Amino acid sequence: MDKDKNIVWSKDQVSYERRCEILGQKGLTVWFTGLSGSGKSTVAIELQKKLTEENFVCYRLDGDNIRHGLNSDLGFGEKDREENLRRIAEVAALFQDAGLITLVSFISPYEKMRRFARSRTRENAFLLVYVKSSLETCIQRDVKGLYKKALAGEISDFTGVSAPYEEPENPDIVLDTDVLTVEECVERLYRLIVEKVR
Ligand SMILES: Nc1ncnc2c1ncn2[C@@H]1O[C@H](COP(=O)(O)OP(=O)(O)O)[C@@H](O)[C@H]1O
Ligand SMILES: [Mg+2]
């Protein structure tokens, strides 16, 4: 079936600019990438708090949470990870167009997926944040006890252990959580975000 032939785009009578005017901000996708345990969720949670205190409208899309709902049908093999990311990228693009600041925290291990996410969002409304920490640090933190399981061979396709993590080629900011505190990470990102959305 040629579905594209039968789908007609229905146009809005309200513009993105008008929504931004009402909200007093521009839409922005803040896309966190990094190993499990690198600090994506921790930084995103604190950043959301700070942005909200400053009256920005901010929403968080977190890997684990989304896997409970929208993406509960997907696993961790390469194909399912790609579909996981594809859906999130589309949701983030919609939220950006709605005028929200969206903090997206998924491992997103492949450059191809991150490129795709950027390509779905309008120009200048996407920040790639590389939350960087060494694998040793992540294994030491083992926030969810998953590295222990992965190293024991109980979880397959675990990023950093039995699945690859491609370092981002062109991140807008790198947060080295081996060195920086959570507060320092939040402060750096906050400044960058405010510049973009005002
Ligand atoms: N600078 C930092 N930024 C974020 N998390 C940090 C930092 N320093 C130490 N941590 C700790 O690292 C862990 C990161 O876990 P989490 O945010 O769940 O990682 P992720 O969401 O990337 O899997 C938390 O226990 C957090 O307290
Ligand atoms: Mg997380």
Side-chain angles (χ1 to χ4, degrees), residues 23 25 27-52 56-122 125-133 138 141-147 149-150 154-168 171-173 175 177 182 185-186 189 193 197:
L23 289 167
Q25 65 182 46
L28 181 71
T29 298
V30 183
W31 192 282
F32 294 80
T33 176
L35 293 171
S36 176
S38 59
K40 302 178 296 297
S41 298
T42 304
V43 173
I45 288 166
E46 291 303 319
L47 184 63
Q48 184 187 36
K49 208 169 118 202
K50 181 162 170 78
L51 284 164
T52 306
F56 291 105
V57 187
C58 175
Y59 199 80
R60 208 166 58 83
L61 295 174
D62 193 273
D64 282 359
N65 299 1
I66 298 294
R67 278 184 177 276
H68 279 285
L70 178 65
N71 291 352
S72 61
D73 57 326
L74 301 175
F76 288 88
E78 187 167 350
K79 220 165 171 268
D80 275 9
R81 276 182 195 237
E82 222 174 294
E83 176 59 12
N84 185 42
L85 264 289
R86 189 192 68 78
R87 290 184 200 172
I88 295 312
E90 295 294 348
V91 172
L94 292 173
F95 283 12
Q96 191 284 326
D97 190 47
L100 307 183
I101 300 168
T102 309
L103 311 179
V104 187
S105 42
F106 292 79
I107 298 171
S108 39
Y110 299 111
E111 187 67 16
K112 194 172 98 184
M113 298 170 174
R114 298 184 296 249
R115 278 224 185 107
F116 173 76
R118 193 190 282 276
S119 77
R120 296 297 298 138
T121 310
R122 62 165 52 70
F126 186 97
L127 286 179
L128 184 65
V129 182
Y130 179 20
V131 184
K132 185 176 183 173
S133 70
C138 295
R141 288 178 186 158
D142 208 4
V143 189
K144 304 174 203 155
L146 295 177
Y147 280 101
K149 287 187 190 165
E154 291 166 27
I155 308 174
S156 56
D157 297 319
F158 196 80
T159 302
V161 177
S162 45
Y165 178 80
E166 295 174 3
E167 290 207 306
D172 294 287
I173 185 170
L175 301 173
T177 66
V182 176
C185 292
V186 169
L189 249 182
I193 289 172
V197 301

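What you are looking at is a predicted structure, and each value in this text was computed from that prediction instead of being measured.
Evaluation of the salt bridge (charged side-chain N to carboxylate O under 4.0 Å, His left out) test over residues 33-47, restricted to residues two or more places apart or in two chains, returns Glu46-Lys49.
A cation-pi contact, defined as under 6.0 Å to the ring centre and within 45° of the axis, links Arg67 to Phe76. Geometrically, Arg115 does not engage Phe126 in a cation-pi contact defined by less than 6.0 Å to the ring centre and at most 45° from the axis.
Between Ile193 and Leu47, the closest side-chain pair of non-hydrogen atoms falls below 4.5 Å. The shortest side-chain heavy-atom distance between Glu167 and Lys132 falls under the 4.5 Å cut-off. Side-chain contact between Thr159 and Ser36: absent, with no pair of heavy atoms (C-beta onward) separated by less than 4.5 Å.
For Arg118, the salt bridge (charged side-chain N to carboxylate O under 4.0 Å, His left out) partners two or more places apart in sequence, or in a different chain, are Asp172. Scored by the salt bridge (charged side-chain N to carboxylate O under 4.0 Å, His left out) test, Arg87 finds Asp73, Glu83 as partners (sequence neighbours excluded). Taking the side chain to side chain donor-acceptor pair (under 3.5 Å) definition, one finds that Tyr110 meets it with nothing, sequence neighbours left out. Applying the salt bridge (charged side-chain N to carboxylate O under 4.0 Å, His left out) criterion to Arg60, with sequence neighbours excluded, gives Asp62. Checked against side chain to side chain donor-acceptor pair (under 3.5 Å), Thr121 has no partners two or more places apart in sequence or in another chain. Taking the side-chain contact (heavy atoms from CB on, under 4.5 Å) definition, one finds that Ser162 meets it with Phe158, sequence neighbours left out. Partners of Tyr59 according to the ring pair (Phe, Tyr, Trp, His ring centres under 6.0 Å) rule, which considers only residues two or more places apart in sequence or in another chain, are Phe95. Applying the side chain to side chain donor-acceptor pair (under 3.5 Å) test to Tyr147 and every residue at least two apart in sequence or in another chain returns nothing. Checked against salt bridge (charged side-chain N to carboxylate O under 4.0 Å, His left out), Asp64 has the following partners two or more places apart in sequence or in another chain: Lys144. Residues passing the side chain to side chain donor-acceptor pair (under 3.5 Å) test with Ser133: none are found, sequence neighbours excluded. Under the side-chain contact (heavy atoms from CB on, under 4.5 Å) criterion, Arg122 pairs with Tyr16, Gln96, Asp97, Ala125, sequence neighbours left out.
For Tyr130 and Ser38, the side-chain atoms include no donor-acceptor pair closer than 3.5 Å. Side-chain contact annotation: Thr29 with Arg120, donor-acceptor N/O pair under 3.5 Å absent.
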Exercise. Tell me, with the steps shown, if Cys58 and Leu103 meet side-chain contact (heavy atoms from CB on, under 4.5 Å).
Key: CA-CA 7 Å; Cys58 175; Leu103 311 179; 3.7 Å; yes

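For Pro164 against Pro109, the heavy-atom pair with the smallest separation is O-CB, 3.5 Å. The two residues Thr33 and Pro168 have their closest heavy-atom pair at CG2-CG, 3.8 Å. Nearest heavy atoms, Val104 versus Ala92: CG2-CB, 4.1 Å.
In this structure, OG on Ser41 lies 9.5 Å from CZ on Phe106, to the nearest 0.5 angstrom. To the nearest 0.5 angstrom, Asn84 atom CG is 9.0 Å from Ile66 atom CD1. How far CG of Asn65 is from OG of Ser105: 8.0 Å, rounded to the nearest 0.5 Å. A distance of 9.5 Å separates CZ in Phe32 from CD1 in Ile173, rounded to the nearest 0.5 Å. Between the CG atom of Leu100 and the CG atom of Leu23 there is a distance of 7.0 Å, given to the nearest 0.5 Å. Rounding to the nearest 0.5 angstrom, the gap separating the CD atom in Glu111 from the CZ atom in Phe116 is 14.5 Å.
Using a cut-off of 4.0 Å between Lys/Arg side-chain N and Asp/Glu carboxylate O, Glu166 and Lys112 are scored as not salt-bridged.
Shown are Val43, Val131, Leu51; of these, the side chain to side chain contact (heavy atoms under 4.5 Å, CB included) with Leu189 is made only by Val43.
Ser108 contributes no side-chain N or O that, together with a main-chain N or O of Arg114, makes up a donor-acceptor pair within less than 3.5 Å.
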